[in-house]
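As the structure is a prediction and not an experimental result, all values here were calculated from the model. All values below come from the heavy atoms of this structure, side chains included, with hydrogens, waters and symmetry mates left out.
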Amino acid sequence: MEEKQTQQDDEINLLDYLIVLLKRKRLITGITFGAAIITAIISLIMPTIYRAETKILPPQQSGSSLALGMLSQMGGIPDIASAALGLKTPGDLYVGILKSRTVADRIIDRFDLMKLYDVEYREDARKQLVEDVLDATGDKKSGLITISVEDKDPKRAADMANAFVEELKNLNRGLAVTEAAQRRLFFEEQLKDTKTSLLKAEEAMKGFQEKTGALQIEEQAKALIEGIANIRAQIAAKEVELKVMRTYSTPNNPDLQKAEEALKGLKLELSKLEAKGGTNPDPLMPAGRMPSVGTEYIRKLRDLKFNETLYDLLAKQYELAKLDEARDAVVIQVVDKAVPPDKRAKPKRTLMVIIATFTGFFLAVFAAFFMEFKERASNDPENKERFETLKKYLNFRLKR
C-alpha cells in the first residue's frame, strides 16, 4: 500500500514538473531561441580566422654521445638515459627556439606585425604573436614538430608558418645545438688561446737568441726540457678533454674515470722529471742540477716546446670534433610545407549555436522553476514571512 502511494507521489511530482514547463513554455522557448539567434549573429560578425600548418622533422639526438651509448648498451631506456644525463629532446629544444624573442622579432619585422596588430610596443606584438597566433607542438612518438599559425588572411597564415621554419633554420646555423658542435666550439676557443701563447713563446725565444747569441744547449738538457714540456702539454690537453667530458658525462662514467687516472699518471711522471736532488734513478739530468747560466734559455725553450706540443694535441682534438659535427649535421627537414587553407578555423559557427542553444534551454528551465518557486512561496504566509526576514537582513548587511 505504501509502495503504491510512493509511486503516485512520484507521478504527481513528474506531472508538476511538466505543468511548470508547459506553463512557462513561452519563457523557455524565447530564451532558448534568443540565445541561438544572438550567438548566430555574433558568429557572423566575428572575423574569419584561417589556420595554416607545417610539419618539420628536427635533427635527432646524436647517437655518438658516449655516456648515452653506454647506458643503452647496459639495457637502459633512451628516455631514462636522456633524463639521467640532463639531455633535452630535440622537439622541446626547437619548440623553445621557435617561441624565442629572436625568432618572434624577425617575424614581426618581416610581416610588419606591429602595424597589422595595431600595437604601439613591440612587446605587445610579440606577446600576441607567440600566445595567440603561433602554436608549436612536438610529437614525442614521431618526433615531428607541428607549427600552426592563425590569421585572417589564409595566404599570410601560410607564409608566416613557412617563415617560422626559415627563421628557425637561420638561427639554428649560428647556435651550438649538438654535443659535437659544443665540443668543436670549446676546442676552437682553446686552440685560439694556445696559438696566441705559442706565437708569444716563439717571439720570446727569437728575441733571446738575437740578444745573447745562444742558439743551442747540450743535448741532455734539451731532451729533459722537451720531455717536461711534452708531458705538461699532455696534462693540459687531458684537462681540457676532462672539462668537455664532464659537460655530458656523470662522475661514474668509466671513460671519465679512465681519463682521470691517465691525468694522475702524467702528473706523477712530470713530478719525477722535475724532481730535485741526486737520488733520482732517471737517466736524464734532474732540473735542479742544470747550470744556472742557461736558466733563462731553458725556461724559454721549455715554454716554446710546451705550447708547440699543446697546440698539436688541441689541433687534433679540434679536427675530430669538426668531423663529429659534420657527421651529426643539424638538418631541419620540412615534411609538410604550409599552404593557404581553404576552410576557416574560427569561428565554428555551428558548434557555437548548438552550445548556446543547449545553454539557453537549461538556463530557461532553471529560470522557469525559480519563478514558479517564487510565485508559490509568495502565496504561502510562512514563506512570505521568511522572505521578508531575509530581505531585512540583506538590507542591513548592505547598509553596514
Hey, quick one: are [X] and [Y] part of the same hydrophobic cluster, counting side-chain heavy atoms closer than 4.5 Å, chains of contacts allowed?
{"X": "L27", "Y": "I38", "answer": "no"}
{"X": "Y117", "Y": "I49", "answer": "no"}
{"X": "L98", "Y": "F111", "answer": "yes"}
{"X": "F362", "Y": "M371", "answer": "no"}
{"X": "V130", "Y": "I56", "answer": "no"}

Taking the side chain as C-beta and beyond, is there a heavy-atom pair between [X] and [Y] under 4.5 Å?
{"X": "L263", "Y": "Q234", "result": "no"}
{"X": "I108", "Y": "M114", "result": "yes"}
{"X": "I107", "Y": "M160", "result": "yes"}
{"X": "L168", "Y": "P58", "result": "no"}
{"X": "V95", "Y": "T137", "result": "no"}
{"X": "R110", "Y": "E167", "result": "yes"}
{"X": "K243", "Y": "F186", "result": "yes"}
{"X": "I31", "Y": "F361", "result": "no"}

Quick check for you: to the nearest 0.5 Å, what is the distance between [X] atom [atom1] and [Y] atom [atom2]?
{"X": "K99", "Y": "I147", "atom1": "NZ", "atom2": "CD1", "result": "11.0 Å"}
{"X": "T54", "Y": "F164", "atom1": "OG1", "atom2": "CZ", "result": "12.0 Å"}
{"X": "F306", "Y": "I235", "atom1": "CZ", "atom2": "CD1", "result": "9.0 Å"}
{"X": "L363", "Y": "I28", "atom1": "CG", "atom2": "CD1", "result": "11.5 Å"}
{"X": "D312", "Y": "K316", "atom1": "CG", "atom2": "NZ", "result": "6.5 Å"}
{"X": "L320", "Y": "F187", "atom1": "CG", "atom2": "CZ", "result": "8.5 Å"}

Could you report the tightest heavy-atom contact between [X] and [Y], atom names first, then the distance?
{"X": "T39", "Y": "M352", "value": "CG2-O, 3.5 Å"}
{"X": "L310", "Y": "A237", "value": "CD1-N, 3.7 Å"}
{"X": "A356", "Y": "A35", "value": "O-CB, 3.7 Å"}
{"X": "K337", "Y": "N162", "value": "CG-OD1, 3.3 Å"}
{"X": "A338", "Y": "A161", "value": "CB-CB, 3.7 Å"}

### Task
Would you mind checking if K238 and E241 are paired as a salt bridge, meaning a charged N to carboxylate O distance below 4.0 Å?
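Salt bridge: yes.
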Is it true that, when you exclude [X] itself, more than 12 heavy atoms of the residues, nucleotides or ligands shown sit nearer than 6.0 Å to its [atom1]?
{"X": "F369", "atom1": "CZ", "answer": "yes"}
{"X": "D132", "atom1": "CG", "answer": "yes"}
{"X": "D118", "atom1": "CG", "answer": "no"}

### Query
Is the side chain of S271 donor-acceptor paired with the backbone N or O of L268 at a distance under 3.5 Å, no angle test?
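Yes; at least one donor-acceptor contact below 3.5 Å.
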### Query
Is a donor on one side and an acceptor on the other found under 3.5 Å between the side chain of S100 and the backbone of I97?
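Yes, S100 side chain to I97 backbone: donor-acceptor pair under 3.5 Å.
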### For D151, the option from K346, R51, R156 that meets salt bridge (Lys or Arg N to Asp or Glu O under 4.0 Å)
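Option passing the salt bridge (Lys or Arg N to Asp or Glu O under 4.0 Å) with D151: R156.
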### Task
With side-chain hydrogen bond (donor to acceptor under 3.5 Å, both in side chains) as the test, would you mind laying out the steps for D139 and S142 before giving the verdict?
CA-CA 6 Å; D139 188 350; S142 64; 3.2 Å; yes
### Query
Does the pair D303 and R232 meet the rule for a salt bridge (Lys or Arg N to Asp or Glu O under 4.0 Å), with working shown?
CA-CA 10 Å; D303 291 341; R232 282 186 175 178; 5.5 Å; no
### Query
Would L171 and T102 satisfy side-chain contact (heavy atoms from CB on, under 4.5 Å), going step by step from the backbone distance to the final call?
CA-CA 8 Å; L171 181 61; T102 303; 4.1 Å; yes
Enumerate donor-acceptor pairs with a distance under 3.5 Å from any side-chain N or O in residues 190-204 to protein atoms, sequence neighbours excluded.
unit_1 : atom_1 : unit_2 : atom_2 : d
T194   : OG1    : Q190   : O      : 2.8
T196   : OG1    : K192   : O      : 3.0
S197   : OG     : D193   : O      : 3.1

### Query
How would you list, by chain and number, every residue that makes a side-chain hydrogen bond (donor to acceptor under 3.5 Å, both in side chains) with K155, sequence neighbours excluded?
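side-chain hydrogen bond (donor to acceptor under 3.5 Å, both in side chains) check on K155 returns D159.
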#### Entry: side-chain contact (heavy atoms from CB on, under 4.5 Å) assessment of K152 paired with Y50
CA-CA 6 Å; K152 298 177 184 178; Y50 295 90; 5.9 Å; no
### Message
For a side-chain contact (heavy atoms from CB on, under 4.5 Å) check, start with the C-alpha distance between I231 and K267, then their side-chain angles and the critical distance, and finish with the verdict.
### Response
CA-CA 8 Å; I231 294 176; K267 288 182 177 180; over 6 Å; no
### Message
Run R122 and D105 through side-chain contact (heavy atoms from CB on, under 4.5 Å) and show every step you take.
### Response
CA-CA 8 Å; R122 179 177 288 268; D105 286 345; 3.5 Å; yes
